[in-house]
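For clarity, every value in this text was computed on a predicted model and none was experimentally measured.
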Amino acid sequence: MTVGRNAISVERSAPDWHERRVREWLLLLLRFAITREPADRSAVCQLAAELDVSGLHWPRSAQRFFLRTSRELCAAILANETEPNHALLRQHIARIDDARLRNAFAAVLGVEQSANAGSRVVELRPKNAGLWRGLAHE
């Protein structure tokens with residue numbers, strides 16, 4: 001019986017563990033978006049591979065989701081400096097559930113979000129547009 005209870009408690013904690021790992025993956029992507037450092041990109045891909053392996057019970061089409069998405073997003077983040085209208089970045093930001101994290105990504109990548117609070121529609125704007133607006137000129 002104890003083994004059964006442990007198994008149940010492990011199963012109940014598995015979604016929490018996975019959610020924490022996905023959040024960690026999003027934070028690593030945000031860090032890469034800020035630093036553009038190869039070491040941060042490697043950390044994103046390493047965790048993405050771990051997430052893909054942890055999802056062995058997922059459908060075959062989803063088995064490489066995190067690694068494939070990480071590579072695409074990292075490339076789009078780097079390309080965003082020269083090609084700011086990148087649909088993949090807008091899509092990624094729009095699917096982030098946590099509003100604070102979504103806003104952080106939008107700010108780092110130079111993306112304007114819709115004024116409608118319930119909406120996740122985002123638009124890219126020139127990087128650092130209006131960064132100094134509102135500061136007193138001396």
Please walk me through it: do Asp98 and Arg23 pass salt bridge (Lys or Arg N to Asp or Glu O under 4.0 Å)? CA-CA 9 Å; Asp98 184 313; Arg23 182 171 176 79; 2.9 Å; yes
Going through the distances and angles, do Asp40 and Arg31 end up as a salt bridge (Lys or Arg N to Asp or Glu O under 4.0 Å)? CA-CA 7 Å; Asp40 291 329; Arg31 180 180 175 131; 2.9 Å; yes
Would you please test Leu51 and His18 for side chain to side chain contact (heavy atoms under 4.5 Å, CB included) and show each step? CA-CA 8 Å; Leu51 284 166; His18 196 264; 3.9 Å; yes
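Legend: residues meeting side chain to side chain contact (heavy atoms under 4.5 Å, CB included) with Gln46, ordered by chain and number and at least two apart, are Glu50. With sequence neighbours left out, the side chain to side chain contact (heavy atoms under 4.5 Å, CB included) criterion links Leu88 to Glu72, Leu73, Ala76, His86, Gln91. Arg41 meets the side-chain hydrogen bond (donor to acceptor under 3.5 Å, both in side chains) test with no other residue; sequence neighbours excluded. The side-chain hydrogen bond (donor to acceptor under 3.5 Å, both in side chains) search around Glu24 returns Arg21, not counting sequence neighbours. Partners of Ser42 according to the side-chain hydrogen bond (donor to acceptor under 3.5 Å, both in side chains) rule, which considers only residues two or more places apart in sequence or in another chain, do not exist here.
Sorted by first and then second residue, the ring pair (Phe, Tyr, Trp, His ring centres under 6.0 Å) pairs with a member in residues 20-41 read Trp25-Phe66; sequence neighbours excluded.
Closest approach of Cys45 to Leu67, counting heavy atoms only: O-CD1, 3.6 Å. Considering every non-hydrogen atom in both Ala43 and Leu28, the closest pair reads O-CD1, 3.7 Å. The shortest non-hydrogen separation linking Asn80 to Leu109 is ND2-O, 3.0 Å. Closest heavy-atom contact between Ile77 and Leu29: CD1-O, 4.2 Å.
Separation of atoms CZ (Arg71) and CZ (Arg68) is listed at 10.5 Å; rounding is to 0.5 Å.
A donor-acceptor contact shorter than 3.5 Å links the side chain of Arg102 to the backbone of Ile96.
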